[in-house]
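What follows is a short report on a single structure.
Bear in mind the structure is a predicted one, so any value in this text is a computation, not a measurement.
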Amino acid sequence: MPRPAVNVAVRAARAAGQVILRHINRIENLDVVEKQRNDYVSEVDRQAEAEIIRELRRAYPDHAVLAEESGASGRSRYTWVVDPLDGTHNYLRGFPHFCVSIALLEGKEPVHGVIYDPLRGELFTSSKGDGAFLNDRRMRVSKRESLAGALLTTGFPYRQRKHLRTQMAMTETLLGEAEDIRRTGSAALDLAYVAAGRIDGYFEIGLKPWDMAAGCLLVREAGGRYCDFTGRDGLPDNGNLIAGNLKVADGIIKTIAKDLTPDLAR
């Protein structure tokens with residue numbers, strides 16, 4: 001049975017999903033702000049985040065919150081990490097691939113996670129030690145034995161364009177061994193798909209905690225691994241993330257090593 005914290009996160013994610021779907025047919029009329037170059041926020045992001053925080057505060061008033069749009073609030077051993085609309089660029093263009101992502105951290109470790117795709121009605125949930133589930137059916141990472149034949153995903157570092165040349169080199173190197181690489185526009189859904197075995201491995205530069213916390217827990221609880229580009233396990237402080245089943249994650253680490261800059265290895 002889901003833990004109480006997961007039930008609360010599910011309610012919050014579904015409430016946010018209702019906001020997202022309610023506005024989907026009037027995207028052209030939304031108020032959109034460019035926070036920084038190539039990084040946008042809409043009124044839907046803000047409204048969905050408010051719904052999530054309302055639900056979380058109602059159940060856990062003493063917990064801290066770290067949300068993409070409203071920032072950090074409160075001090076606690078437990079922190080809710082919230083991305084109300086991961087894939088905002090997709091959403092604003094009518095590209096049907098985005099989600100809500102909510103995780104609870106104990107210290108720096110994710111212990112509960114929920115990712116909700118309101119368009120497809122897919123609900124990904126996990127708790128530390130309890131496994132990972134898609135609509136209440138247990139998930140496992142793929143059984144791919146190596147990078148040979150692997151399907152990978154990535155995202156390009158729009159916040160850190162200085163690393164773009166390095167990522168393109170990594171991508172070229174990986175394509176020499178893997179079957180193909182996708183770029184979907186939603187880090188959280190990429191990680192959920194790794195956990196579900198739909199994708200074999202994932203790598204990206206410069207993620208934020210709300211991009212990866214829930215998805216990383218899903219991957220681990222589905223039998224996979226997440227780490228930084230040098231293989232250090234745990235949520236990377238630098239946001240440079242690799243995830244996959246154990247063999248594919250190891251293959252990515254080894255393959256990109258020759259292209260890795262000191263900046264990305266920190």
### Task
Verify the distance criterion only: is there a donor paired with an acceptor across the side chains of Ser73 and Arg57 at less than 3.5 Å?
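The answer is yes; a qualifying pair exists.
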Compute whether any side-chain donor of one residue and acceptor of the other, for Thr230 and Asp228, lie under 3.5 angstrom apart.
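Asp228 and Thr230 do have a side-chain donor-acceptor pair below 3.5 Å.
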Taking only residues two or more places apart in sequence or in another chain, which ones pass side-chain hydrogen bond (donor to acceptor under 3.5 Å, both in side chains) with [X]?
{"X": "Asn135", "result": "none"}
{"X": "Ser76", "result": "none"}
{"X": "Thr154", "result": "Gln167"}
{"X": "Thr79", "result": "none"}

[X] side chain near [Y] side chain, heavy-atom distance below 4.5 Å:
{"X": "Cys216", "Y": "Leu235", "value": "yes"}
{"X": "Val100", "Y": "Ile115", "value": "no"}
{"X": "Lys162", "Y": "Asp263", "value": "yes"}
{"X": "Leu119", "Y": "Ile24", "value": "yes"}
{"X": "Ile253", "Y": "Arg225", "value": "yes"}
{"X": "Leu66", "Y": "Val82", "value": "no"}
{"X": "Phe156", "Y": "Ile205", "value": "no"}
{"X": "Met212", "Y": "Pro236", "value": "yes"}

Closest heavy-atom contact between [X] and [Y]?
{"X": "Leu207", "Y": "Ala187", "value": "CD2-CB, 3.9 Å"}
{"X": "Ser127", "Y": "His112", "value": "OG-ND1, 2.8 Å"}
{"X": "Ala13", "Y": "Ile102", "value": "N-CD1, 3.7 Å"}
{"X": "Ser126", "Y": "Ala214", "value": "OG-O, 4.5 Å"}
{"X": "Leu56", "Y": "Ala12", "value": "CD2-CB, 4.4 Å"}
{"X": "Ser186", "Y": "Asp86", "value": "OG-OD2, 2.7 Å"}

| Going through the distances and angles, do Ile252 and Leu152 end up as a side chain to side chain contact (heavy atoms under 4.5 Å, CB included)? | CA-CA 10 Å; Ile252 295 173; Leu152 309 179; 4.2 Å; yes
- With Asp180 via salt bridge (charged side-chain N to carboxylate O under 4.0 Å, His left out) - residues at least two apart: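 Listed in chain order: Arg182.
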(message) Please enumerate all residues that pass salt bridge (charged side-chain N to carboxylate O under 4.0 Å, His left out) together with Arg54, with sequence neighbours excluded.
(response)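 Residues passing salt bridge (charged side-chain N to carboxylate O under 4.0 Å, His left out) with Arg54: Glu51.
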Cation-pi, Tyr226 ring and Arg220 (6.0 angstrom, 45 degrees):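 Relative to the ring axis of Tyr226, which defines the angle, Arg220 lies outside at least one limit.
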**Asked** For Arg165, does the CZ atom sit with more than 12 other heavy atoms under 6.0 Å from it, leaving out its own atoms?
**Response**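 No, the 6.0 Å shell around CZ holds no more than 12 heavy atoms from other groups.
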**Request:** Report, as yes or no, whether the 6.0 Å neighbourhood of atom CD on Glu106 holds more than 12 heavy atoms from other residues, nucleotides or ligands.
**Result:**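 Yes, enclosed.
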Do the side chains of [X] and [Y] join up, straight or via other hydrophobic residues, at under 4.5 Å, putting them in one cluster?
{"X": "Val111", "Y": "Val65", "result": "yes"}
{"X": "Leu151", "Y": "Val219", "result": "no"}
{"X": "Met139", "Y": "Leu246", "result": "no"}
{"X": "Leu218", "Y": "Tyr202", "result": "yes"}
{"X": "Leu260", "Y": "Leu174", "result": "yes"}

Evaluate the criterion side chain to side chain contact (heavy atoms under 4.5 Å, CB included) for residue pair Val44 and Leu85; output intermediate values, then yes/no.
CA-CA 8 Å; Val44 173; Leu85 177 51; 4.3 Å; yes
Holding to side chain to side chain contact (heavy atoms under 4.5 Å, CB included), I want the full list of residues that pass it with [X], two or more places apart in sequence or in another chain.
{"X": "Arg138", "result": "Phe133"}
{"X": "Arg140", "result": "none"}
{"X": "Arg144", "result": "Ser142, Ala150, Asp200, Asn245, Val248"}
{"X": "Asp259", "result": "Ala169, Met170, Thr173"}

Give, for atom [atom1] of [X] and atom [atom2] of [Y], the distance between the pair rounded to the nearest 0.5 Å.
{"X": "Ile181", "Y": "Arg183", "atom1": "CD1", "atom2": "CZ", "value": "12.5 Å"}
{"X": "Tyr60", "Y": "Trp80", "atom1": "OH", "atom2": "CH2", "value": "6.0 Å"}
{"X": "Glu177", "Y": "Lys254", "atom1": "CD", "atom2": "NZ", "value": "11.0 Å"}
{"X": "Phe124", "Y": "Cys99", "atom1": "CZ", "atom2": "SG", "value": "8.5 Å"}

Phe98: partners by ring-ring contact (aromatic ring centres under 6.0 Å, His included), with sequence neighbours left out
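For Phe98, the residues satisfying ring-ring contact (aromatic ring centres under 6.0 Å, His included) (neighbours in sequence not counted) are Tyr91.
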Flag, side chain of [X] to backbone of [Y], donor-acceptor distance under 3.5 Å:
{"X": "Glu221", "Y": "Gly129", "result": "yes"}
{"X": "Asn240", "Y": "Gly206", "result": "yes"}
{"X": "Asn90", "Y": "His97", "result": "yes"}
{"X": "Glu49", "Y": "Glu69", "result": "yes"}
{"X": "Ser70", "Y": "Ala67", "result": "no"}

Ionic contact status for Asp117 with Arg120, cut-off 4.0 Å
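Here Arg120 pairs with Asp117 in a salt bridge, since their nearest N and O are under 4.0 Å apart.
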Lys128/Glu109 under side chain to side chain contact (heavy atoms under 4.5 Å, CB included): CA gap, chis, key distance, verdict: CA-CA 9 Å; Lys128 182 180 178 182; Glu109 183 179 9; 3.3 Å; yes
For residues 188-199, dump all side-chain donor-acceptor pairs below 3.5 Å to protein atoms at least two apart in sequence or in another chain.
{"residue": "Asp190", "atom": "OD1", "partner": "Thr184", "partner atom": "OG1", "Å": "2.6"}
{"residue": "Arg198", "atom": "NH1", "partner": "Glu122", "partner atom": "OE1", "Å": "3.1"}
{"residue": "Arg198", "atom": "NH2", "partner": "Glu122", "partner atom": "OE2", "Å": "2.7"}

*Going through the checks in order, is the salt bridge (charged side-chain N to carboxylate O under 4.0 Å, His left out) test met by Arg58 and Glu55?*
CA-CA 5 Å; Arg58 184 179 298 152; Glu55 289 288 342; 3.3 Å; yes
message: Between Leu241 and Glu204, is the side chain to side chain contact (heavy atoms under 4.5 Å, CB included) condition met? List the steps.
response: CA-CA 5 Å; Leu241 181 70; Glu204 188 162 349; 5.6 Å; no
